Structures are given as C-alpha cells and as structure tokens.
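This structure is a prediction, so every number in the text was calculated from the model and none was measured. What's counted below: heavy atoms across the whole structure, side chains too, no hydrogens, waters or symmetry copies. Order of the sequence lines sets the chain letters (A, B, ...), proteins ahead of strands, with each chain counted from 1.
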There are 2 protein chains.
Amino acid sequence: MVKHYTAPLDATFFALSDPTRRAVLARLAEGEATVTDLAAPFPMTLAALTKHLTLLERARLIVREKTGRTVQCRLRAAPLKDATDWMATYERFWPAQFDALDAYLAKQTITAKEPACPQPKPKPFDSHGASPRHGNASSGRGRTRKS
Amino acid sequence: MVKHYTAPLDATFFALSDPTRRAVLARLAEGEATVTDLAAPFPMTLAALTKHLTLLERARLIVREKTGRTVQCRLRAAPLKDATDWMATYERFWPAQFDALDAYLAKQTITAKEPACPQPKPKPFDSHGASPRHGNASSGRGRTRKS
DNA sequence: CTTAAACTTTACCATATGGTAAAGCATTAT
DNA sequence: ATAATGCTTTACCATATGGTAAAGTTTAAG
C-alpha cells in the first residue's frame with residue numbers, strides 16, 4: 001500500500017506536492033491543531049484528511065499524538081532543511097536575485113573601502129530569459145483550494 | 001493522462017520527488033545533454049526516461065530542443081527558487097542551523113581578523129547517484145525574508 | 001535506396017494517490 | 001448505560017505513476 005521511498009527526499013518532496021498538505025503545514029505553523037481543526041477548511045472527509053496526515057507523518061513533516069479522544073498534530077520542519085539544502089545546489093542557475101547574504105556583501109563592498117572579495121558572479125550559464133522577479137513568488141500560505 | 005496541477009508548486013515538488021529525476025537535474029547542472037546521454041546511467045528504457053523528462057518539462061525544470069535527430073535538454077532551475085521561497089517560510093521551525101550568513105557573522109565575531117570572504121564552495125555534485133545526501137550546510141539562502 | 005540512430009507514442013501492467021462511504025474503536029457526555 | 005465525538009480503517013473507484021515492449025517518426029549513415 002505504501003510506496004517504498006528510496007530516499008527521504010522522495011517522501012519530503014512528494015508530501016509537499018499537494019496543495020492540501022502544504023496548507024496543513026501552513027496551518028500547523030501557527031500552532032498545533034487537532035485533526036478536526038485541520039480538516040475544517042477543506043471540502044473533503046475526515047478520512048481523506050487522515051490520509052494526507054499519514055503521508056505527512058511518513059515524510060516526518062508532522063507528528064500526531066493522541067490525547068484522549070483527540071489527536072494533536074505538530075509541525076516538524078526539519079526535513080524542509082534537507083530539501084532546501086538540496087535545492088541550494090542549483091542556486092547558481094536561478095534567475096538573478098538578492099537575499100540577505102547578497103545584500104550584506106553588497107553593502108560591504110559599497111561602504112567599506114576594501115573591495116571585499118571578487119564576488120563569484122553566478123556564472124550566467126544561460127540566464128534563461130526568466131524575468132528577474134524578486135520578491136515573494138507566490139509562496140504557499142494561501143491555501144490553494146481544490147474543489 | 002496528465003494530472004491537473006492546481007498550482008505550479010505542485011508540479012515542482014512532484015517532479016523533485018523521484019530520485020531519477022533529481023539525478024537528471026544533477027546531470028544537467030553540469031551542462032546540457034541529449035536524452036540518450038541522460039538515460040545512460042539508469043537501468044531503464046529510453047521510453048521510461050522520456051516520461052521522466054516530460055514530467056520535468058511540465059514542471060518547467062528543463063526544456064527540450066530537437067536538433068536534427070537528437071534532443072538537447074537544458075536545466076531551467078527558476079521553479080526551484082519559488083519552491084525554496086515557500087519552504088523558507090518554515091525556516092524558524094528548522095532545528096538549529098548555520099548557513100552562510102551565520103557562518104560569516106560567527107567568523108567575524110570570533111576571529112575578527114580573518115579576511116572575511118565566504119568561499120564559494122566547489123560544488124560537489126553527487127553525479128546522478130540518485131542520493132543527493134551531500135551534507136551541504138544550507139548555503140545561506142533561506143534568509144530570504146520578504147517583508 | 002536502405003539501414004541504423006535517436007527519440008516519442010502507444011498499448012499494457014502493477015501500484016500508489018486522492019476521494020468517498022460506511023464500519024470500527026476508544027473516549028467523553030448526558 | 002447510552003449516545004455522541006473524534007478519528008482511523010476498510011472496501012471501492014478513478015486516475016496518474018513508473019516501467020516495459022513494440023511500433024512509429026525523423027534524420028543521419030552507408
């Protein structure tokens with residue numbers, strides 16, 4: 001019944017590939033909640049949500065703890081770090097951007113007289129015409145409703 | 001036949017949930033390659049790999065361009081930025097960590113004499129070993145706090 | 001012209017999702 | 001004791017994966 005994942009990242013990325021599950025994580029980021037609480041916003045049965053929770057738990061993104069009749073769910077975001085680390089490997093292929101470190105170094109370069117270090121300009125490999133969008137990028141949070 | 005994704009992130013994360021596809025991206029990070037080149041390391045038919053490539057293309061993580069008889073595939077990592085941005089929302093729930101900026105500041109504080117310059121690591125790609133377990137210490141991106 | 005290469009497409013399969021409905025099971029109210 | 005809560009589990013379905021084998025298509029060689 002349960003797919004055999006060859007690597008933890010398989011489960012992590014798969015768990016994140018569903019909008020309902022991402023919304024559940026977003027909700028849990030605000031604090032633990034019961035299964036019924038989590039199910040409330042969605043147009044699906046409790047049974048369906050239980051399945052999603054099982055997947056999230058398998059990916060170690062949440063933990064469920066039964067307390068009497070209810071079940072408290074809590075976020076466990078550690079796997080997200082590994083996933084982010086993996087993606088960071090491809091950072092130099094992203095469209096141009098600035099983050100805290102870039103800003104920090106840029107500031108150093110500008111204010112400080114010393115030309116810090118020759119910035120390793122991310123080799124433009126291709127610059128794939130993608131627009132140099134900056135800011136957010138449609139982050140999750142907004143529970144993408146599926147109906 | 002093709003699943004209808006409610007959001008781009010669905011396709012991105014799903015594409016990343018398979019070790020073969022992650023290995024393909026790793027290979028493409030070293031430069032474009034033909035379908036046959038990409039298929040070589042895997043114990044599966046070309047037809048099977050074509051399916052993976054179709055999924056990757058659907059997620060806009062690669063582009064295929066037919067040149068004569070062969071098809072060149074190129075990486076398009078832009079979607080990874082959106083995915084990373086989404087995960088960054090949960091950074092405060094990660095276990096204690098150090099990223100490039102932390103390391104930089106720590107170094108400044110501890111050995112204030114060092115010629116501060118976060119070296120761009122050589123980027124050790126796990127050659128499509130399907131197990132991207134490189135313990136990369138989170139490369140620093142992540143600080144992408146919007147707002 | 002004929003054949004081989006390099007892919008893609010088309011059946012076909014087995015399994016996992018994503019859902020629902022209904023039955024189970026503790027636990028808590030009444 | 002009985003009924004209602006809060007989940008989970010068990011069929012059951014439809015669809016998408018992940019693969020294979022075999023046929024189809026271009027394009028390049030001989």
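Regarding contacts with the backbone of C:dT17, a side-chain N or O of A:Arg58 is found under 4.0 angstrom from either OP1 or OP2. In this structure, B:Arg69 does not reach the C:dA4 phosphate: none of its side-chain N or O atoms is under 4.0 Å from OP1 or OP2. Between B:Thr34 and the phosphate of C:dC7, there is a side-chain N or O to OP1/OP2 separation shorter than 4.0 Å. OP1 and OP2 of C:dC7 both lie 4.0 Å or more from every side-chain N or O belonging to B:Arg64. Contact between the side-chain N/O atoms of B:Thr54 and the OP1/OP2 oxygens of C:dT8 is not found at any separation under 4.0 Å.
In this structure, of C:dG18, C:dT8, C:dT20, it is C:dT8 that holds the atom nearest to the side chain of B:Val35. Nearest nucleotide to the side chain of B:Phe14, out of D:dT17, C:dT17, D:dT8: D:dT17. Side-chain proximity of B:Met44 to the nucleotides D:dT20, C:dG18, C:dC7 is greatest for D:dT20. Looking at the side chain of B:Leu55, the nearest of the listed nucleotides D:dT17, C:dG19, D:dT20 is D:dT17.
Computed from coordinates, the A:Leu49 CG to C:dA21 P distance equals 15 Å when rounded to whole Å. Atom-to-atom, CD of A:Gln72 to C1' of D:dC7 comes out at 13 Å; the value is rounded to the nearest Å. Rounded to whole Å, atom P of C:dT20 lies 13 Å from atom CZ of A:Phe42. In this entry the distance linking CD1 of B:Ile62 with P of C:dC7 reads 12 Å, nearest Å. Rounding to whole angstrom units, CD of residue A:Glu65 and P of D:dC7 are separated by 13 Å. As a whole-Å value, the separation of A:Glu57 CD from D:dC7 P is 14 Å. In this structure, NZ of B:Lys66 is placed 10 Å from P of D:dA28, rounded to the nearest angstrom. Regarding B:Leu56, its CG atom lies at a distance of 16 Å from the C1' atom of C:dT8, rounded to whole Å.
Connection of B:Val63 to B:Val35 is not established within any shared hydrophobic cluster, with ILVMFWY side chains joined at heavy-atom distances below 4.5 Å, either directly or through further cluster members.
Inspection of the A:Thr54 and A:Arg64 side chains reveals an N or O donor paired with an N or O acceptor under 3.5 Å.
If you find the closest nucleotide of DNA chain C to B:Leu46 and to A:Lys51, the one lying nearer the 5' end belongs to B:Leu46. Residues B:His52 and B:Gly68 both approach DNA chain D. Their nearest nucleotides, taken by heavy-atom distance, put B:His52 toward the 5′ side.
Note: A:Leu28 CG to A:Leu38 CG = 5.0 Å, rounded to the nearest 0.5 Å. Taking CZ from A:Phe93 and CZ from B:Arg74, the interatomic distance works out to 13.0 Å, rounded to the nearest 0.5 Å.
Residue-level contact check: B:Thr70 touches the backbone only, with heavy atoms under 4.0 Å from sugar-phosphate atoms and none from bases. Across all strands shown, B:Thr50 has heavy atoms under 4.0 Å from base atoms, whether or not it also approaches the sugar-phosphate.
Judged purely by atom type and a 3.5 angstrom limit, A:Thr67 has no side-chain atom pairing as donor or acceptor with the backbone of A:Thr70.
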Test side chain to side chain contact (heavy atoms under 4.5 Å, CB included) on B:Leu49 and B:Thr36 and set out the steps. CA-CA 9 Å; B:Leu49 200 85; B:Thr36 300; over 6 Å; no
